[in-house]
> 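Sharing a structure with you now.
The shown structure was predicted, so the numbers you read here are calculated from the model rather than taken from an experiment. Just so it is clear: chains get the letters A, B, ... in the order the sequence lines come, proteins before strands, and each one is counted from 1.
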2 protein chains.
Amino acid sequence: MSRYFGTMSRHPERDQIRIESVLSALGSPVRLAAVRVLDAGGEHNCTSVLELLGITAKSTMTHHWRVLRESGVIWQHPSGRENLLSLRRDDLDARYPGLLDAVLAGAAEDAALENASASAPAGPRGRSRT
Amino acid sequence: MSRYFGTMSRHPERDQIRIESVLSALGSPVRLAAVRVLDAGGEHNCTSVLELLGITAKSTMTHHWRVLRESGVIWQHPSGRENLLSLRRDDLDARYPGLLDAVLAGAAEDAALENASASAPAGPRGRSRT
DNA sequence: TTGATTGTTCGGCAATCCACGTACAGTCGA
DNA sequence: TCGACTGTACGTGGATTGCCGAACAATCAA
């Protein structure tokens, strides 16, 4: 009743979740990064994630939150003047066992790979460090 | 050398594959369906999949093949006058263990769910038949 | 060589997506 | 009550995407 979040609170039920929506929601660098933040920490609000990601404008993030929310990847519920975010891990695991873990592990590996090649400018083939 | 597939044969190396590209490639109904066909059968050419999917124009499929190819999801190599398609299962499994299986299983479940609700027009909750 | 087949390339068009600034609506602290 | 703060709503511009028809290139069969 309170708050003006008119369109905001549209979360799909567990059975309404569709894998193409989930995949295309996660198939964006910004959103994937946001999901990784949510996976790593406990509860975040919008700005805390926004600051961790470094860049974007608030209204841009609102857009991404909506995509993640409407695809069933995150919960977003108001608390006080903030909007708390969390992964819908249980729902995703129930519908698509192993998917989220595989994605997060893969994203972590990609990030590591990216860092490695960034710190070894000349040799992308680098066997550097261990 | 042969064939005129100028831009065609751009496949990323295994290490070049990025998970966001894979996810956004799979996050489209048409492409996900195409991948499911490739997973089910052996080797297909473009039109065979196109016909199985029922609908689209050839040039549209060419577009989707390119997205799948450039994201590292499929191999596409010319043989005679056809263009044979196959899943890059080994590469994907190597880079993102469990991902492809989770996606395919999820897609299958989604499809089953969709069929169930389609064949039970009145009652989506339907325990109908068996 | 001629014709059929396969699938690409090249535009064009509509729809969607992304990022942004601005305005505004609740909530909280002083 | 008056700001400060959080985050949404809305509109816009630019880029990307999806789908298509038409033309063409390579191969194969006759």
Side-chain angles (χ1 to χ4, degrees), chain A residues 1-11 20-21 23-34 37-38 43-71 73-86, chain B residues 1-11 20-34 38 43-71 73-86:
Chain A
M1 271 32 144
S2 52
R3 274 202 154 218
Y4 66 105
F5 294 103
T7 334
M8 200 286 279
S9 2
R10 296 250 161 247
H11 296 77
E20 327 119 14
S21 314
L23 293 176
S24 83
L26 297 177
S28 135
V30 181
R31 290 193 291 263
L32 187 52
V37 170
L38 294 186
E43 282 204 307
H44 289 266
N45 64 15
C46 298
T47 30
S48 75
V49 178
L50 184 145
E51 284 165 5
L52 282 177
L53 299 188
I55 326 178
T56 16
K58 278 191 297 179
S59 52
T60 302
M61 271 323 267
T62 298
H63 162 64
H64 289 302
W65 296 133
R66 176 166 53 174
V67 175
L68 288 169
R69 176 179 11 101
E70 292 184 346
S71 65
V73 175
I74 63 169
W75 288 118
Q76 198 176 13
H77 66 92
S79 157
R81 68 181 143 181
E82 319 187 327
N83 214 340
L84 297 181
L85 302 157
S86 55
Chain B
M1 266 42 144
S2 53
R3 274 208 153 211
Y4 65 105
F5 293 103
T7 333
M8 200 283 281
S9 4
R10 297 251 161 244
H11 296 78
E20 326 118 16
S21 314
V22 172
L23 294 175
S24 82
L26 296 176
S28 134
V30 181
R31 291 193 290 264
L32 187 52
L38 293 186
E43 282 205 304
H44 289 266
N45 63 16
C46 298
T47 30
S48 75
V49 178
L50 183 146
E51 284 165 5
L52 282 176
L53 299 187
I55 326 177
T56 21
K58 278 190 299 179
S59 53
T60 303
M61 270 325 266
T62 298
H63 161 65
H64 288 303
W65 295 133
R66 178 167 52 174
V67 175
L68 287 169
R69 177 181 8 102
E70 292 185 343
S71 65
V73 175
I74 62 169
W75 289 117
Q76 197 177 13
H77 65 91
S79 156
R81 66 180 144 184
E82 317 186 327
N83 215 338
L84 297 182
L85 302 158
S86 56

> Check the phosphate of C/dG7 against B/Gln76, side-chain N and O only, distance under 4.0 Å to OP1 or OP2. Yes or no?
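Checking C/dG7 against B/Gln76, no side-chain N or O comes under 4.0 Å of OP1 or OP2.
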
> To the closest 0.5 Å, what do you measure between CG (B/Leu53) and OG (B/Ser48)?
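Rounded to the nearest 0.5 Å, the CG-OG separation comes to 9.0 Å.
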
> Using a 4.0 Å heavy-atom cut-off across all strands, classify B/Thr47 as base, sugar-phosphate, or nothing.
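Touches sugar-phosphate only.
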
> Rounded to the Å, how far apart are B/Glu70 CD and C/dT9 P?
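To the nearest whole Å, that distance equals 10 Å.
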
> When rounded to the nearest 0.5 angstrom, what is the spacing between OG in B/Ser59 and NE2 in B/His64?
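B/Ser59 atom OG to B/His64 atom NE2 measures 10.0 Å (nearest 0.5 Å).
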
> When the distance from NE2 of B/His77 to C1' of C/dT8 is rounded to whole Å, what number comes out?
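Distance, rounded to whole Å: 17 Å.
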
> In whole Å, what is the span from the NZ atom of A/Lys58 to the C1' atom of C/dG26?
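To the nearest whole Å, that distance equals 13 Å.
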
> For a quick test of reading the model, state the closest non-hydrogen atom pair linking B/Leu50 to B/Lys58 and the distance between them.
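Scanning both residues, the minimum pair turns out to be CD1-CA, 3.8 Å.
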
> B/Met61 has an atom CE; how far is it from atom C1' of C/dT5, in whole Å?
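So the CE-C1' distance, B/Met61 to C/dT5, works out to 18 Å.
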
> In Å and rounded to the nearest 0.5 Å, what is the OG to CG distance from A/Ser24 to B/Leu32?
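The distance works out to 11.0 Å.
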
> State, yes or no, whether a side-chain contact exists between A/Asn83 and A/Trp65 at a heavy-atom distance under 4.5 Å.
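A/Asn83 vs A/Trp65: side chains apart.
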
> Is there any protein nitrogen or oxygen under 3.5 Å from a nitrogen or oxygen in nucleotides 14-16 of chain C, and what are the pairs?
none

> B/Ile74 CD1 to C/dG7 C1': how many Å, rounded?
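So the CD1-C1' distance, B/Ile74 to C/dG7, works out to 13 Å.
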
> Where the side chain of B/Arg81 is defined as all heavy atoms beyond and including C-beta, which of D/dT6, D/dC28, D/dG7 is the nearest nucleotide?
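Selected nucleotide: D/dC28.
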
> In degrees, rounded to 10°, what is the bend between the two ends of the helix from C/dT1-D/dA30 to C/dA30-D/dT1, using five pairs at each?
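Answer for the end axes of this duplex: 20°.
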
> Between A/Val37 and A/Val49, what is the shortest heavy-atom contact and its length?
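Smallest interatomic distance, heavy atoms only, reads CG1-CG2, 4.1 Å.
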
> Using every non-hydrogen atom in the two residues, find where A/His11 and A/Gln76 come nearest and quote the distance to one decimal.
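Heavy-atom minimum between the residues: NE2-N, 3.0 Å.
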
> Can you tell me how far CD of A/Glu70 sits from CZ of A/Arg10, rounded to the nearest 0.5 angstrom?
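Reported to 0.5 Å precision, the distance equals 8.5 Å.
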
> When you compare the protein's N or O atoms with those of nucleotides 17-19 of chain C, which come within less than 3.5 Å of each other, and at what distance?
from   : atom 1 : to      : atom 2 : distance (Å)
C/dC18 : OP1    : A/Arg31 : NH1    : 3.4
C/dC18 : OP1    : A/Arg31 : NH2    : 3.2
C/dC18 : OP2    : A/Arg31 : NH1    : 3.3
C/dC18 : OP2    : A/His63 : NE2    : 2.8
C/dA19 : OP2    : A/His64 : NE2    : 2.6

> Any side-chain heavy-atom pair from B/Val30 and B/Met61 closer than 4.5 angstrom?
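Yes, close enough: below the 4.5 Å cut-off.
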
> How many whole angstroms separate atom CG of B/Leu85 from atom C1' of C/dT6?
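Taking CG of B/Leu85 and C1' of C/dT6, I get 12 Å after rounding.
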
> Please round to the nearest 0.5 Å and tell me the distance separating atom CD1 of B/Ile74 and atom CZ of B/Arg31.
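Nearest 0.5 Å value for the CD1-CZ distance: 10.5 Å.
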
> Using a 4.0 Å cut-off on protein heavy atoms (strictly under), produce a 5'-to-3' string for nucleotides 11-16 of chain D with B for base contact, S for backbone-only sugar-phosphate contact, and - for none.
------

> Any side-chain heavy-atom pair from B/His44 and B/Leu52 closer than 4.5 angstrom?
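A side-chain contact exists here, since the closest heavy-atom pair is under 4.5 Å.
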
> Which residues pass the side-chain contact (heavy atoms from CB on, under 4.5 Å) test with B/Thr62, not counting sequence neighbours?
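side-chain contact (heavy atoms from CB on, under 4.5 Å) list for B/Thr62, sorted by chain: empty.
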
> Can you name the side-chain contact (heavy atoms from CB on, under 4.5 Å) partners of A/Leu84, sequence neighbours left out?
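Here the qualifying residues are A/Glu43, A/Asn45, A/His77, A/Ser79, A/Glu82.
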
> Nearest 0.5 Å please: distance from the CG atom of B/Leu68 over to the NE2 atom of B/His63.
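Output value for this atom pair is 9.5 Å.
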
> Take the protein atom CG of B/Asn83 and the nucleotide atom P of D/dT27, then report the distance between them rounded to whole Å.
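Atom-to-atom, B/Asn83 to D/dT27, this comes out as 12 Å.
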
> Ignoring the backbone of B/Glu82, work out which of D/dG7, C/dT6, C/dT8 is nearest its side chain.
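Of the candidates, C/dT6 comes closest.
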
> Expressed in angstrom and rounded to an integer, what is the separation of A/Arg66 atom CZ from D/dA9 atom C1'?
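Whole-Å distance recorded here is 9 Å.
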
